[in-house]
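As structure tokens, the structure follows; a few thoughts come after it.
Letters A, B, ... mirror the listed sequences (proteins, then strands); counts begin at 1. These figures come from a predicted structure and were not determined experimentally.
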2 protein chains.
Amino acid sequence: MSDSYPCFAVTVDLVVLTIRDEELMVLLVNRGQPPFRGDLALPGGFVHPDEGLVEAAARELAEETGIAVGSMHLEQLASYGDPGRDPRQRVVTVAYLAMTPALPDPRPGSDADGASWLPAGAAARRPLAFDHQRILADGVERARAKLEYTPLATVFCPPEFTIAQLRRVYEIAWGRSLDPRNFHRKVTGTPGFVLPVDRSTAGTRGRPAQMYRRGLATRLHPPLLRED
Amino acid sequence: MSDSYPCFAVTVDLVVLTIRDEELMVLLVNRGQPPFRGDLALPGGFVHPDEGLVEAAARELAEETGIAVGSMHLEQLASYGDPGRDPRQRVVTVAYLAMTPALPDPRPGSDADGASWLPAGAAARRPLAFDHQRILADGVERARAKLEYTPLATVFCPPEFTIAQLRRVYEIAWGRSLDPRNFHRKVTGTPGFVLPVDRSTAGTRGRPAQMYRRGLATRLHPPLLRED
DNA sequence: TCAATAGTGTCTGTAAGACAGTATTGT
DNA sequence: ACAATACTGTCTTACAGACACTATTGA
């Protein structure tokens, strides 16, 4: 029942997604040491002995991106522990999914040096270190799916945004265009999705747009489904 | 980046759900050793050094219930690794969710001795060993949620079942009654949910019912939502 | 004035909830 | 016959998709 206590290494790895330059992007790092030296990998690292899993994920995220976790969404994705996924030793990794508004480029010389934003779709189809290709694919799919039934699309937007900006999030994440008028009606009609603020855009071509911030809802009723 | 390789124990724990006696039930074991000796706990145990996580979950499931995993649904739930969740040492557990048709009682004298089925709702509100109360609550909520948008309710049914049996699964899991006529129309009208077989019930009061088996769909479109 | 974007109204098809009504069995 | 359960049809309402139309700005 509990005869042996084998020793495992435990890591956290992060799928950090954002929308930049009209594309869904993922934060990847260049591995400086073997194994997989020179390959791209998800940011992550070993969990410290007296540290919780979320704390480890938040710490690694702050180390790699240089920003605090407070402003971004962070949730557990899944764990991966196939024997042989790390050639050195048995490692179980707990993957986390983070979603954030567009960030400036990682500054060279900072802890985040060597990290860069790459298009998520393309990255999920190229080899990455360890089983990170699989983890990335799972993370992208989770994010896409959660846009359907949660208001999480707002975490890709700045604190105040327009309905059109929010719509672009869906269009980019799902790779399909949405009718602006129906989307507007749907979003403003779903209680708790967005809250209007007393401000409008200015200096843009066309009629100024009402600005909104995140509402308090955690689930969308009814959901905003992507398929036909 | 990778200075220390702290040593963790890794376990798998199982939330095994079924429907028995018109109730959602969970398989719990009595802990025979400290810590939490005498308390109820989820079945589970240490992952072997050369064993994958799913393999470990399937092995523990077979050991505790005495049946092969082949006939039941098994999916990863989440991982739990707060420092101090096990008073002996640092343990990270990967929890799995299993769903199965009604099984006979665990036979005394078998490996599954000491295991028993308890109502899941009540068990999720009573103290269990470690953080198993939280894991159980997460598992029950995951199962309830997945009934909405997947055909997983069928894994609680025998290989061949009637629409009324399937409806009871939803009613028991969600704690609300569903209109038999609308449910019938919805289920038979969702492609890939159920497939009719050339058989009917007999010996029952009332008109015999057509029997069905699981379809090939993995998601329900549109979903079968529980809230109003 | 025109182009562009924001936002509203309207129509139509689909599907869910409510529930009347028909079908087929055991008692 | 009657009760019980299976199944079908109909009505109403809600909502998604399509798209005409109005509103408000910059060029």
Rounded to whole Å, how long is the line connecting atom CZ of B:Arg207 with atom P of C:dT25?
8 Å
Under 3.5 Å donor-acceptor pair, A:Arg205 side-chain atoms to C:dA4 base atoms
no
Could you go through nucleotides 8-16 of chain C and list every protein N or O atom that sits under 3.5 Å from one of its N or O atoms, giving the distance for each pair?
unit_1	atom_1	unit_2	atom_2	d
C:dA16	OP1	B:Lys186	NZ	2.2

Is there any ring pair (Phe, Tyr, Trp, His ring centres under 6.0 Å) pair reaching into residues 152-171 of chain B, and which pairs are they, with sequence neighbours excluded?
B:Tyr170-B:Trp174, B:Tyr170-B:Phe183
Is it true that, when you exclude A:Arg213 itself, more than 12 heavy atoms of the residues, nucleotides or ligands shown sit nearer than 6.0 Å to its CZ?
no
Nearest-Å distance for atom pair OH/P, residues A:Tyr212 and C:dA6
11 Å
Charged N to carboxylate O under 4.0 angstrom, B:Arg59 versus B:Glu55?
no
The side chain of A:Ala164 lies closest to which of these nucleotides: C:dA6, C:dT25, D:dT25?
C:dA6
Between atom CZ in A:Phe161 and atom P in C:dA6, what is the gap in whole Å?
14 Å
Rounded off to whole Å, could you give me the CG-to-C1' distance for the B:Leu178 and C:dG17 pair?
11 Å
Using atom CG of B:Leu225 as one end and atom C1' of C:dG17 as the other, report the distance to the nearest whole Å.
13 Å
Answer with yes or no whether the side chains of B:Tyr80 and B:Asp138 bring together a donor and an acceptor at under 3.5 Å.
yes
Taking side chain to side chain donor-acceptor pair (under 3.5 Å) as the definition, give me every residue that meets it alongside B:Thr150, ordered by chain and number, with sequence neighbours left out.
none
So what does B:Thr162 touch, heavy atoms closer than 4.0 Å: a base, only the sugar-phosphate, or nothing?
nothing
At their closest point, which heavy atom of B:Ile135 faces which heavy atom of B:Ala95, and how far apart are they?
CG2-CB, 3.6 Å
Quick one: B:Asp179 CG to D:dT5 P, roughly how many Å, whole number?
15 Å
Interatomic distance, A:Leu224 CG vs D:dA14 P [rounded to whole Å]
20 Å
Euclidean distance, atom CE of residue B:Met211 to atom P of D:dC7 [Å, nearest integer]
10 Å
Just wondering, more than 12 heavy atoms not from B:Arg85 lying within 6.0 Å of its CZ?
yes
